[in-house]
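Values in this document were obtained by computation on a predicted structure and should not be read as measured data.
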Amino acid sequence: WQSDGLQPHFINIQFARRQTVCAIALYMDFNLDESYTPKRMKIRVGETFHNLEEIRVVELREPRGWCVIPLWRKWGEDVLDSILDPDGDDDEDDDDNT
C-alpha cells in the first residue's frame, strides 16, 4: 500500500453473495511504513456502497504485527436482539413447570 492521493483512503471488500465476517485482520508495521500506517480505521458494512453503516472505529498507535478487529457483538447490543431468540426456541413461555 502506498498512497499519493487525497485522504481519506478506502479499502472496499465485496462478496458475490451475503457472507458473515467475524473479524478483519491487517498486518501493519509502523517502523517500516511510518507515515503510511493508518492512525484511525472505520469499518462500515451494508448491502451496497450506498447503505453502509459504521460499526467500528479503531484508533491505532504505532501498530506492529497483526491487528485484529472483531466484528461480533455481545447479545443485547442490538435493538433486534429483543425480538430474536438466541436459543432458537419458538416457545414464548420458558417456564419449566409446563
- Note on the structure: Interatomic distance, CD1@Ile43 vs CG@Leu71, rounded to 0.5 Å, equals 6.5 Å
- Check the pair Met41, Ile24 against side chain to side chain contact (heavy atoms under 4.5 Å, CB included), reporting the backbone distance first and the verdict last. CA-CA 11 Å; Met41 295 189 327; Ile24 295 174; over 6 Å; no
- Heavy-atom closest pair, residues Pro70 and Arg56: O-NE, 3.1 Å
- Note on the structure: On a heavy-atom basis, the closest approach of Val68 and Ala23 is CG1-CB, 4.1 Å
- So, Glu59 and Arg61, do they make that salt bridge, N to O below 4.0 Å? no
- Kindly indicate whether the side chain of Val57, heavy atoms from C-beta on, has any atom under 4.5 Å from the side chain of Arg40. yes
- Message: So, taking the atom named CE in Met28 and the one named CD in Glu62, what distance separates them when rounded to the nearest 0.5 Å?
- Response: 13.0 Å
- Note on the structure: Between Asp29 and Asn31, the two heavy atoms sitting closest are OD1-N, 3.0 Å
- Query: Ile13 and Ile55: same hydrophobic cluster, using ILVMFWY side-chain contacts below 4.5 Å?
  - Reply: yes
- Would you say Arg44 and Phe10 make side-chain contact, with heavy atoms under 4.5 Å? yes
- Query: Near Glu54 CD, under 6.0 Å, is it more than 12 heavy atoms from other residues, nucleotides or ligands?
  - Reply: yes
- Could you walk me through whether Lys39 and Leu60 pass side chain to side chain contact (heavy atoms under 4.5 Å, CB included), step by step? CA-CA 5 Å; Lys39 294 178 182 166; Leu60 303 165; 5.7 Å; no
- According to a 4.5 Å side-chain heavy-atom criterion applied to Ile, Leu, Val, Met, Phe, Trp and Tyr, with indirect links allowed, do Val45 and Leu52 form part of one hydrophobic cluster? no
